[in-house]
Amino acid sequence: MDPTAPGDEVTRLLALPALEVGPRLLGSVFRVGEVAVRLTEVEAYHGQGQDPGSHAHRGQTPRNASMFREGGTLYVYLSYGIHRCVNIVCGPEGYASGLLLRAGEVVDGVEVARSRRATAKRDSELAKGPGRLGSALDIGLGDDGSRLGQGRFSLELPGGDVGDVVAGPRVGVSGRAGTDEFPWRFTLAGEPSVSSWRPAVRRRGGAAERW
DNA sequence: TAGAAGATAGGA
DNA sequence: CCTATCTTCTAG
């Protein structure tokens, strides 16, 4: 097997922990069937008790089982009962780190993406945010556990320079894990498709802090 | 067994 | 600012 083949390069990269993969994944093209996005924003989640913000922090459950598979697996979950969000799992089996695909620029299949995202006023909003990205790419819970490079899913790493990468606190993550103590959100500078930062939701007025 | 909180988005 | 919407996890 040719070790310089593109497919192997992706495999080698995704064998690393999400913290290392995150910045290097920006500018990649993630394709799901006829629609493709160029990733402009990702967030790293680290498992194994090292990241209080991760779904895998408290160990394996039926929902997060895909995160414990090997790098290149997709972890899809339902967010707020409505949105389907996608992660690319990183690291060896059992490591449970992943990258939430938070935003991208639609670079192919724009018409299809528009039809799926009728409320988007501009094309830069088609995949601006993890729920929107999942919608534009027609990701479903049935895609949980799929593998990159199989079926409708593929990933192509950027060919050249992607510009400046910015690291900062993650979006909507509660507690310490959402502060710049964990600067694990990576964005491409100056991209209109990058979502706005927002603190964790807190409906019941305050309290309930268990960290 | 119940109940709150959640890696969000859209509309008033 | 408020609400839709529903699964998962944790406490009791």
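Every value quoted in this text rests on a predicted model; they were computed, and no experiment measured them. Labels below follow one simple rule: chain letters A, B, ... track the order of the sequence lines, proteins then strands, and each chain is numbered from 1.
- The CD-P distance, from A:E41 to B:dT8, rounds to 10 Å in whole Å.
- When rounded to the nearest whole Å, the span between CZ of A:R116 and P of B:dA9 equals 17 Å.
- Among the heavy atoms of the strands, none lies under 4.0 Å from A:R185.
- Under a 4.0 Å N-O distance rule, the pair A:R114/A:E111 qualifies as a salt bridge.
- For the pair A:L78 CG and B:dA7 C1', the computed distance is 12 Å after rounding to whole Å.
- Rounded to a whole Å, the CZ atom of A:R84 is 14 Å from the P atom of C:dT8.
- Under the stacking criterion of a centre-to-centre distance below 5.5 angstrom and an interplanar angle below 30°, A:Y77 is not stacked against the six-membered ring of B:dA7.
- Counting only distance, with no hydrogens or angles, the side chain of A:R84 and the backbone of A:S79 share no donor-acceptor pair below 3.5 Å.
- Residue A:M67 is the one, among A:M67 and A:K121, whose nearest nucleotide of DNA chain B lies closer to the 5' end (criterion: closest heavy atom).
- Close to B:dG6, at under 4.0 Å from its OP1 or OP2, lies no side-chain N or O of A:S79.
- When the nucleotides C:dC9, B:dA9, B:dA7 are ranked by their closest atom to the side chain of A:R58, C:dC9 comes out on top.
- Residue A:R117 places at least one side-chain N or O under 4.0 Å from the OP1 or OP2 atom of B:dG10.
- Comparing atom distances between the A:Y45 side chain and each of C:dT8, B:dA9, B:dA7 picks out B:dA7 as nearest.
- Each of A:H83 and A:L141 was assigned the nucleotide of DNA chain C with the nearest heavy atom; the assignment lying further toward the 5' end belongs to A:H83.
- Across all strands shown, C:dT3 is found opposite B:dA9 as a Watson-Crick or G-U wobble partner, with both distances under 3.5 Å.
- Taking the charged nitrogens against the carboxylate oxygens, A:E41 and A:R185 do have a contact shorter than 4.0 Å, which makes a salt bridge.
- Looking only at atom types and distance, the side chain of A:E93 has no donor-acceptor partner in the side chain of A:Y95 under 3.5 Å away.
- Across all strands, A:N87 comes closer than 4.0 Å to base atoms (heavy-atom distances).
- Note on A:R147 versus A:E70: salt bridge recorded, some NZ/NE/NH1/NH2 to OD/OE distance being below 4.0 Å.
- In summary, the aromatic rings of A:Y45 and A:H55 are positioned with their centroids too far apart to meet the 6.0 Å limit.
- The distance between atom CZ of A:R198 and atom C1' of B:dG6, rounded to the nearest whole Å, is 11 Å.
- As judged by a 4.0 angstrom heavy-atom cut-off over every strand, A:G53 is placed among the base-contacting residues.
- Contact annotation: A:H55 side-chain N/O to B:dA7 OP1/OP2 distance is under 4.0 Å.
- Listed nucleotides C:dC9, B:dT8, B:dG10 differ in distance to A:Y80; the shortest reach to its side chain belongs to B:dT8.
- Per the geometry, CH2 belonging to A:W197 stands 11 Å off P belonging to B:dT8, to the nearest Å.
- B:dA7 sits 22 Å from C:dC1 when the C1' atoms are compared, rounded to a whole Å.
- Note on A:S174: a side-chain N or O is less than 4.0 Å away from OP1 or OP2 of B:dG6.
- For the pair A:I82 CD1 and C:dT5 P, the interatomic distance rounds to 7 Å; values are reported in whole Å.
- Look at CZ on A:R63: it is 7 Å from P on B:dA7, rounded to the nearest Å.
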